[in-house]
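In what follows, every heavy atom counts, from backbone to side chain, and hydrogens, waters and symmetry copies are set aside. Keep in mind it's a predicted model, so treat the numbers as computed, not measured. Order of listing sets the numbers, starting from 1, for every ligand and every atom in it.
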Amino acid sequence: MRIESDLKLGFKDVMIRPKRSTLNSRAQVTLERNFTFLHSNYQWKGVPIMAANMDTVGTFEMVKALAKHKIFTAIHKHYTLDEWKHFMNSVPDEMIDYFAVSTGTGTADSKKLTNIFSQHPQIKFICIDVANGYSEHFVNFVKKTRKQYPDKVIMAGNVVTGEMVEELLLAGADIIKVGIGPGSVCTTRVKTGVGYPQLSAIIECADAAHGLGGQIVSDGGCKIPGDIAKAFGGGADFVMLGGMLAGHTESGGKTIEIDGTKYKQFYGMSSETAMKKHAGSVANYRASEGKTVEIPYRGTVENTVQDFLGGLRSTCTYVGASKLKELTKRTTFIKVQEQHNEVFSK
Ligand code: 5GP
């Protein structure tokens with residue numbers, strides 16, 4: 001047994017210190033970034049925020065709403081080939097840069113991925129997603145996928161430590177998904193005791209990825225717009241959102257009415273709800289590591305997007321960053337005691 005005694009930080013443990021700035025208004029801030037990805041060499045331009053590959057968030061409807069803002073959606077892996085065909089016939093060409101096909105690492109997942117790409121070779125992004133990215137099987141799957149698709153952008157995870165970020169980049173991934181346990185409907189930390197405070201995971205993993213010319217996406221734990229700014233401030237290249245994009249017209253999940261108020265169901269992808277829906281039952285060798293919640297219906301996602309983009313522009317103005325790219329260089333975090341921030345936590 002060993003104890004690491006360095007202090008590790010979550011979003012709620014810090015605030016961003018304001019700095020002298022020459023910017024007069026948040027309208028002067030650009031949130032678009034340009035990336036050339038490590039292995040695929042693909043050039044991408046957009047606002048580096050992503051909808052999570054959950055069936056309540058990463059929907060075809062979400063792609064169409066978010067791509068208008070050049071925001072990305074990792075489409076969940078449960079759509080059928082027919083549903084994909086219908087979507088691809090309706091999506092404008094200019095949206096092709098703003099969505100990924102997601103897959104797990106099972107044989108059926110791999111077969112479905114091959115089928116999707118044989119019918120829609122123009123799709124550019126693959127998101128290989130497993131709860132625990134530390135297994136040899138996962139690394140081998142990333143290697144195999146890179147060999148099969150040399151020019152696709154591969155995003156892979158989830159991990160939380162630098163050495164595994166390096167291993168996955170060397171195995172052929174372009175972008176590493178970072179986050180174990182911070183998700184709003186995730187119960188991994190409760191069920192297993194495993195996890196890593198998300199801001200420290202971002203800082204350490206971004207450093208490892210940037211050293212090799214790769215990128216990271218911070219996945220999970222953003223509850224309020226300020227958390228997105230803190231994730232970028234810590235060095236995340238992309239930020240993935242689940243709960244913040246749930247509950248909208250474009251989100252998946254049942255709509256429920258309780259005492260005249262509308263709610264939308266939101267659940268973890270390994271919750272009992274998701275497992276029953278997609279696999280018929282909860283496999284008895286594993287505990288469900290996700291929960292189900294009802295979110296008051298929030299209308300279309302457009303207002304929420306305007307709200308968090310406005311917040312992010314404002315953060316950039318407070319620290320004098322005219323581009324999102326400069327935010328991390330201009331960020332000084334102040335450690336705060338939890339009670340200073342508790343007004344924000346759920
Ligand atoms: P949020 O933005 O809601 O805090 O986090 C979204 C992220 O939570 C997802 O992108 C995914 O990484 C993670 N997640 C989604 N469903 C589950 C689940 O059932 N269990 C766990 N452990 N994590 C989940």
Side-chain angles (χ1 to χ4, degrees), residues 10-12 49-59 62 66 71-78 99-100 102-104 127-134 138 155-160 175-199 201-202 205 216-232 236 238-248 251-253 264-279 282-283 286-295 298 301 304-305 308 344-346:
F11 296 130
K12 66 180 181 349
I49 293 176
M50 293 186 177
N53 50 305
M54 303 170 74
D55 68 354
T56 44
V57 178
T59 62
M62 196 61 86
L66 298 185
I71 295 176
F72 195 93
T73 301
I75 296 173
H76 70 77
K77 68 172 191 177
H78 298 289
F99 63 89
S102 300
T103 179
C127 170
I128 311 175
D129 181 44
V130 293
N132 171 9
Y134 284 76
F138 177 64
M155 181 165 39
N158 281 24
V159 298
V160 283
I175 308 168
I176 309 302
K177 257 170 117 231
V178 172
I180 293 187
S184 57
V185 281
C186 163
T187 55
T188 297
R189 290 176 185 175
V190 178
K191 290 275 166 76
T192 69
V194 175
Y196 212 97
Q198 186 65 5
L199 183 64
I202 294 169
C205 291
I216 66 156
V217 50
S218 165
D219 177 17
C222 289
K223 293 193 173 85
I224 47 172
D227 293 339
I228 304 176
K230 290 174 186 176
F232 283 122
F238 292 85
V239 177
M240 181 172 266
L241 307 175
M244 284 185 70
L245 293 172
H248 297 96
S251 319
K264 273 199 116 160
Q265 210 176 38
F266 175 51
Y267 47 84
M269 290 313 292
S270 67
S271 63
E272 205 178 320
T273 310
M275 282 198 255
K276 279 189 177 150
K277 184 169 175 192
H278 300 297
V282 179
R286 63 182 294 184
S288 90
E289 282 174 23
K291 60 184 175 185
T292 302
V293 295
E294 274 85 42
I295 299 202
R298 300 199 262 170
V301 77
T304 301
V305 169
F308 64 66
F344 295 125
S345 51
K346 274 189 195 162

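Taking every heavy atom of Leu241 and a limit of under 4.0 angstrom, the matching atoms of ligand 1 come to 2 (O). Applying the 4.0 Å criterion to heavy atoms of Met54 picks out, from ligand 1, the atoms 9 (C), 15 (C), 16 (N). Interface atoms of ligand 1 facing Ala52, defined by a heavy-atom separation under 4.0 Å, are 10 (O). Atoms of ligand 1 found under 4.0 Å from any heavy atom of Asn158 (numbered from 1 in listed order, with element): 12 (O). Of all atoms in ligand 1, numbered sequentially from 1 with element shown, those under 4.0 Å from a heavy atom of Met240 are 10 (O).
In this structure, the protein non-hydrogen atom closest to atom 8 (O) of ligand 1 is Gly183 CA, 3.7 Å. Ranking the protein heavy atoms by distance from atom 24 (C) of ligand 1 puts Cys186 CB, 4.1 Å first. Gly242 N, 2.7 Å is the protein heavy atom nearest to atom 2 (O) of ligand 1. At the top of the distance list for atom 19 (O) of ligand 1, counting protein heavy atoms only, stands Ser270 N, 2.7 Å. With hydrogens left out, the protein atom closest to atom 20 (N) of ligand 1 is Glu289 O, 2.7 Å, a heavy atom.
Note on ligand 1: Gly221 sits in its first shell, one or more heavy atoms being nearer than 4.0 Å.
With a heavy-atom cut-off of 4.0 Å, Asn53 does not touch ligand 1 at all. At a 4.0 Å heavy-atom cut-off, ligand 1 touches Asp219 through the side chain alone. With a 4.0 Å heavy-atom cut-off, ligand 1 is reached by the backbone of Ser271 but not by any atom from C-beta on.
Checked against a 3.5 angstrom limit, the closest N/O atoms of Tyr267 and ligand 1 fall outside it. At least one N/O-N/O distance between Ser184 and ligand 1 falls below 3.5 Å. Of the N or O atoms in Lys177, none lie within a sub-3.5 Å distance of an N or O in ligand 1. Among the atoms of Gly243, some N or O lies under 3.5 angstrom from an N or O of ligand 1.
Taking only non-hydrogen atoms, the option from Met269, Lys223, Arg189 nearest to atom 16 (N) of ligand 1 is Met269.
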Test side chain to side chain contact (heavy atoms under 4.5 Å, CB included) on Met54 and Met240; report intermediate values, then the result. CA-CA 11 Å; Met54 303 170 74; Met240 181 172 266; over 6 Å; no
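Side-chain atoms of Arg298 come within 3.5 Å of backbone N or O of Ala246 as a donor-acceptor pair.
The shortest distance between side-chain heavy atoms of Thr103 and Lys77 does not fall below 4.5 Å. Taking 4.5 Å as the limit, every side-chain heavy atom of Met269 sits out of range of all side-chain heavy atoms of Asp129. Within the 4.5 Å cutoff, no side-chain heavy atoms of Phe308 are placed close to those of Val239. Residues Tyr196 and Val178 are not in side-chain contact: their nearest non-hydrogen atoms beyond the backbone lie 4.5 Å or more apart. You'll find the side chain of Leu66 stays beyond 4.5 Å of the side chain of Phe72, heavy atoms only.
Put simply, atom 14 (N) of ligand 1 has no protein non-hydrogen atoms near it, under 4.0 Å away.
To the nearest 0.5 Å, atom CE of residue Met275 and atom CD of residue Glu289 are 8.0 Å apart.
Under the 30°/60° scheme for interplanar angles, the aromatic rings of His278 and His76 are found to be tilted.
Of all non-hydrogen atoms in Leu245 and Ser251, the two that sit nearest each other are O-OG, 2.9 Å. Pairing each heavy atom of Met244 with each of Cys222, the nearest pair is CG-O, 3.4 Å. Taking every heavy atom of both residues into account, Gly58 and Thr73 meet most closely at CA-CG2, 3.7 Å.
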